[in-house]
**Student:** 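Starting off with a structure, shown below.
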2 protein chains.
Amino acid sequence: MIANLKALPDKTIERLSQYRRNLLICLSKGKQHIFSHEIAQIHNITPVQVRRDLMLIGHSGTLRKGYDVKELIDLIGRILDTKDGLKVCVVGIGNLGRSLIGYFNGRRSKLSIVAGFDVNPDKVDKNYAGVHCHHVDRLNEIIKRDGITIAIITVPAEQAPDVAEKLVIAGIKGILNYTPKSVNVAPHVYLEEYDMITSLEKVAYFVKRNGNAE
Amino acid sequence: MIANLKALPDKTIERLSQYRRNLLICLSKGKQHIFSHEIAQIHNITPVQVRRDLMLIGHSGTLRKGYDVKELIDLIGRILDTKDGLKVCVVGIGNLGRSLIGYFNGRRSKLSIVAGFDVNPDKVDKNYAGVHCHHVDRLNEIIKRDGITIAIITVPAEQAPDVAEKLVIAGIKGILNYTPKSVNVAPHVYLEEYDMITSLEKVAYFVKRNGNAE
DNA sequence: GTAACATTGTTAAATTTGTAACAATGATAT
DNA sequence: ATATCATTGTTACAAATTTAACAATGTTAC
């Protein structure tokens with residue numbers, strides 16, 4: 001690895017992922033160079049922030065010509081991706097789980113959802129957008145067999161802590177928990193949690209606030 | 001309104017929403033008092049942060065007895081909720097849209113999803129978990145008719161900017177955008193964006209990082 | 001009744017994140 | 001050839017958020 005010895009800020013990582021996605025679209029449209037203010041506009045942020053992020057990853061643009069789109073995509077890839085990619089599983093094949101699988105499939109080459117898990121016998125051994133669904137009882141076995149390192153939890157909230165525990169035992173290194181129930185994991189496991197209800201209540205709060213202010 | 005004249009920090013709002021959800025569970029189990037460190041443990045945060053949040057909303061606990069669960073729930077309600085509630089619509093009745101509707105229905109009394117929209121004729125005029133799906137062409141009409149103030153966007157990414165624009169014109173006050181495409185809205189409209197791919201790539205980055213460190 | 005203690009509420013420090021300011025630079029116009 | 005200009009890269013500043021420190025206080029144990 002070249003220069004990313006010091007950890008990049010969380011928020012920069014998030015933005016890099018987003019930059020890349022849109023840069024790929026730009027590239028597919030034949031755009032070869034892009035200015036910081038163009039990237040900024042796409043993402044509703046300031047050009048300064050874009051330049052700062054790119055500075056942090058050590059990318060240099062050309063004065064008056066902007067950044068080379070292809071180079072930038074490659075560099076972000078070297079930061080975000082692993083050489084051989086990582087395998088992901090989804091635990092809980094409800095609407096949300098299926099939505100994630102469908103959303104993802106074929107989009108990002110270096111991350112791939114390779115397995116699903118559910119307790120419902122109607123779902124077990126069926127395929128969802130090309131992903132095979134196993135019974136949760138086989139969690140440990142399949143994760144180890146296939147070398148899966150990342151798991152997404154989309155089961156009913158009550159079951160989340162239990163699932164998380166099993167995932168950690170199975171050797172999972174990163175968890176994305178979409179249930180409203182926070183889970184505990186060993187410190188070496190990276191945990192990211194997101195809860196849609198919270199987001200909606202937050203929006204509601206600010207709508208209420210703006211209304212009061214008028 | 002009593003004391004929330006000064007805006008509360010974003011993150012505090014998010015946590016309040018989560019506290020309340022778990023406090024309701026505690027209450028239903030008959031627990032009447034709770035300590036800051038108990039709340040903290042549920043949410044994987046520090047007791048200090050909990051106390052600080054509660055300080056900000058002006059709640060007082062009883063020394064050595066903790067916080068009165070019911071009082072706290074009520075106070076958070078006074079901050080987050082509006083008296084008559086707010087109406088929400090979901091634009092895009094795919095897996096994610098349906099997941100949100102199912103997830104939400106009946107859970108929070110003060111926010112209710114009252115309408116869905118889609119372009120697919122197979123979905124139009126059907127019900128999803130009790131929510132009627134209209135054709136997107138009727139967006140403006142229905143939003144105004146029913147007094148909907150909040151919208152969740154779960155359409156394919158390319159269509160997000162266009163949908164957002166229509167929503168703003170229809171008078172929506174808050175938008176929750178779940179597509180990877182960032183949208184522009186007038187400054188008086190509160191916008192929250194979340195992208196699942198970004199979260200997953202972020203988890204992958206930190207998994208990679210932890211691995212390298214070893 | 002007194003001392004020890006657990007727990008709260010608050011102020012201060014540290015960290016993280018975003019914004020502004022501006023020098024450096026090379027292309028473009030005249 | 002020179003001046004102007006747009007744009008980058010970087011440093012310094014500001015705002016938001018988290019963490020630490022600790023005084024205040026009422027409860028419990030003795």
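Every chain is numbered from 1, with letters handed out A, B, ... down the list of sequences.
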**Student:** Of the options D:dT17, C:dG18, C:dT7, whose atoms approach the side-chain atoms of A:Lys11 most closely?
**Tutor:** C:dG18

**Student:** Once you apply a heavy-atom cut-off of 4.0 Å, does A:Ser36 come out as touching a base, just sugar-phosphate, or nothing?
**Tutor:** sugar-phosphate

**Student:** State which of C:dT7, D:dT7, D:dA20 makes the closest approach to the side chain of B:Val48.
**Tutor:** D:dA20

**Student:** For the side chain of A:Arg15, counting heavy atoms from C-beta on, which of C:dG18, C:dT7, D:dA20 is nearest?
**Tutor:** C:dG18

**Student:** Could you give the NE2-to-C1' distance, from B:His59 to C:dT10, as a whole number of Å?
**Tutor:** 16 Å

**Student:** Closest to the B:Thr46 side chain: D:dG9, D:dT19, C:dT17?
**Tutor:** D:dT19

**Student:** Using a distance-only test with no angle check, is there a side-chain donor-acceptor pair under 3.5 angstrom linking A:Thr154 and A:Arg98?
**Tutor:** no

**Student:** In this structure, how many angstroms lie between the P atom of D:dT19 and the CG atom of B:Asp53, rounded?
**Tutor:** 11 Å

**Student:** Does B:Ser60 place a side-chain N or O at less than 4.0 Å from the phosphate oxygens OP1/OP2 of C:dG9?
**Tutor:** yes

**Student:** Check whether A:Asn177 reaches the backbone of A:Lys181 with its side chain - one donor and one acceptor, N or O, closer than 3.5 Å.
**Tutor:** yes

**Student:** Using atom types as modelled and distance alone, determine if a side-chain donor or acceptor of A:Glu193 lies under 3.5 Å from a backbone N or O of A:Val183.
**Tutor:** yes

**Student:** How close or far is atom C1' of C:dT17 from atom CZ of A:Arg52, stated in whole angstroms?
**Tutor:** 8 Å

**Student:** Quick one: which of A:Arg15, A:Lys11, A:His59 gives a side-chain hydrogen bond (donor to acceptor under 3.5 Å, both in side chains) with A:Asp53?
**Tutor:** A:Arg15

**Student:** Could you tell me how far apart B:Ile13 (CD1) and D:dT17 (C1') are, to the nearest whole angstrom?
**Tutor:** 14 Å

**Student:** Considering the options A:Ile153, A:Val90, A:Val91, which one meets the side chain to side chain contact (heavy atoms under 4.5 Å, CB included) requirement together with A:Phe117?
**Tutor:** A:Val91

**Student:** Roughly, in whole Å, what's the span from CD in A:Gln49 to C1' in D:dA15?
**Tutor:** 13 Å

**Student:** Specify the separation, in whole Å, of atom CZ of A:Phe35 and atom P of D:dT7.
**Tutor:** 5 Å

**Student:** Taking the six-membered ring for Trp, are B:Tyr67 and B:His33 ring centroids under 6.0 Å apart?
**Tutor:** no

**Student:** Mind calculating the distance between CG (B:Leu54) and P (C:dT7) to the nearest angstrom?
**Tutor:** 16 Å

**Student:** Round to the nearest Å and state the distance from B:His33 atom NE2 to C:dT7 atom P.
**Tutor:** 14 Å

**Student:** Decide yes or no, distance alone: a donor-acceptor N/O pair under 3.5 angstrom between the base of D:dT7 and the side-chain of A:Arg51.
**Tutor:** no

**Student:** Got a sec? Which of residues 65-72 of chain A come in under 4.0 Å of DNA chain C, heavy atoms?
**Tutor:** none

**Student:** For A:His43, which residues count as a side chain to side chain donor-acceptor pair (under 3.5 Å) partner, sequence neighbours excluded?
**Tutor:** A:Asn22

